[in-house]
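Computation of the quantities below employed the complete heavy-atom set of this structure, encompassing side-chain atoms and omitting hydrogens, waters and symmetry-equivalent molecules.
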Amino acid sequence: MLSKNDIKNIKGLEQKKFRDERGLFVAEGHKLVGELLGIFNCILLVATDEWAGSHANTPARRIEVVSADELKRASLLRSPQDVLAVFQIPDWTQTISSAAKQNLVLALDDVQDPGNLGTIARIADWFGIKDIFCSKGTADIFNPKAVQATMGAIARVKIHYTDLVKEISALPASIPVYGTFLDGETIYNTPLSANGVIIMGNEGNGISKEVGKTVNRRLYIPNWPAGAATSESLNVAIATAIVCSEFRRR
């Protein structure tokens with residue numbers, strides 16, 4: 001049975017300050033929890049009898065079998081599913097330099113929306129990108145909305161928070177740093193490498209001036225037909241999908 005304190009602690013993880021203090025985050029739903037169990041350390045798993053009965057030997061420190069009403073009281077979702085889990089936030093350690101020497105990595109410059117961030121993690125997972133480096137102003141990947149939007153991608157894609165300007169500026173000149181700009185070269189005509197950094201910018205302002213100075217290959221996603229009146233810009237997650245797809249197509 002869940003106590004009032006248990007429910008309070010779970011609800012508290014909706015706020016970043018409590019996630020940071022406790023080093024914990026919440027995931028909900030059959031697919032998402034199933035993806036993360038065994039990858040992250042599960043502190044508490046709350047499930048209906050039906051879910052628990054069909055998932056024997058679940059790797060969790062504590063398991064509480066509850067009614068649907070109890071689960072609803074603890075859930076952060078409007079329409080709870082049959083399982084909720086509290087996991088330890090992992091300690092991912094990686095530098096842009098070590099990751100980008102051999103592989104393609106993403107860098108996010110102040111992406112604000114948790115849904116966009118989670119979707120970008122899912123896109124990275126689809127295209128085999130294992131590391132995403134975020135500015136300190138980027139949304140928290142362990143925000144419940146971001147976690148849900150990843151659809152389990154955080155089991156395979158590591159998200160790091162760092163000083164992008166400092167880290168990217170220190171890269172050897174041989175490592176390409178790509179960014180999307182309105183005055184860039186059309187991505188479909190530009191040589192693209194199998195390794196390096198792809199920077200995606202803020203939803204409203206794009207790549208900041210400071211981070212933009214680290215870019216040595218400016219890209220542009222052209223609209224169609226050229227010169228036609230269109231939307232002002234693409235959603236950052238959609239733009240990321242287009243860019244990653246073109247890199248992998250090569």
Begin from the C-alpha positions of Asp6 and Ser3 and carry the test side chain to side chain donor-acceptor pair (under 3.5 Å) through to its verdict. CA-CA 5 Å; Asp6 287 329; Ser3 67; 3.2 Å; yes

Show your working on side-chain contact (heavy atoms from CB on, under 4.5 Å) between Leu45 and Val33 and close with a plain yes or no. CA-CA 9 Å; Leu45 186 132; Val33 171; 4.1 Å; yes

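You'll find the side chain of Thr190 stays beyond 4.5 Å of the side chain of Tyr220, heavy atoms only. For the pair Ile43 and Arg62, the minimum side-chain heavy-atom distance is 4.5 Å or more. In this structure the side chain of Asn9 reaches within 4.5 angstrom of the side chain of Arg22, judged on heavy atoms. Inter-residue side-chain proximity for Asp140 and Arg19 is flagged as met; some heavy-atom pair is nearer than 4.5 Å. Two residues are said to be in side-chain contact when any heavy atoms from C-beta on lie closer than 4.5 Å; Asn41 and Arg61 meet this criterion. Counting heavy atoms from C-beta on, the side chains of Leu219 and Leu192 come closer than 4.5 Å.
Hydrophobic clustering, with ILVMFWY side chains joined whenever heavy atoms are under 4.5 angstrom apart, groups Phe40 together with Val83. Following chains of ILVMFWY side-chain contacts shorter than 4.5 Å, one can reach Leu234 starting from Phe247, so the two form part of one hydrophobic cluster. Connection of Phe133 to Val111 is not established within any shared hydrophobic cluster, with ILVMFWY side chains joined at heavy-atom distances below 4.5 Å, either directly or through further cluster members. Cluster annotation: Val211 is not connected to Val243 through the hydrophobic network of ILVMFWY side chains, with a link wherever side-chain heavy atoms come within less than 4.5 Å. If you chain together hydrophobic residues whose side chains sit under 4.5 Å apart, Ile89 and Val157 fall into the same group.
The residue from Ile159, Ile132, Asp131 that alone fulfils the side-chain contact (heavy atoms from CB on, under 4.5 Å) condition with Leu106 is Ile132.
Panel note: side chain Tyr178, backbone Ser193; a donor-acceptor pair is recorded below 3.5 Å. Side chain of Asp109 to backbone of Ser208: a donor-acceptor contact under 3.5 angstrom is found. For the pair Thr240 (side chain) and Ile120 (backbone), a donor-acceptor distance under 3.5 Å is absent. Panel note: side chain Ser169, backbone Val165; a donor-acceptor pair is recorded below 3.5 Å. Ser135 places a side-chain N or O within 3.5 Å of a backbone atom of Asp110 that can act as its donor or acceptor partner.
One distance of note links CD1 of Ile154 with CG of Leu32; it measures 6.5 Å at 0.5 Å rounding. Between the NZ atom in Lys31 and the CD atom in Gln148 there is a gap of 11.0 Å [rounded to 0.5 Å].
The aromatic rings of Phe25 and Phe142 are tilted relative to each other, their planes meeting at an angle between 30° and 60°.
The minimum heavy-atom distance between Ala149 and Gly115, with the atom names listed, is CB-O, 3.8 Å.
The existence of a salt bridge linking Arg250 and Glu246 is confirmed by a sub-4.0 Å separation between a basic side-chain nitrogen and an acidic carboxylate oxygen.
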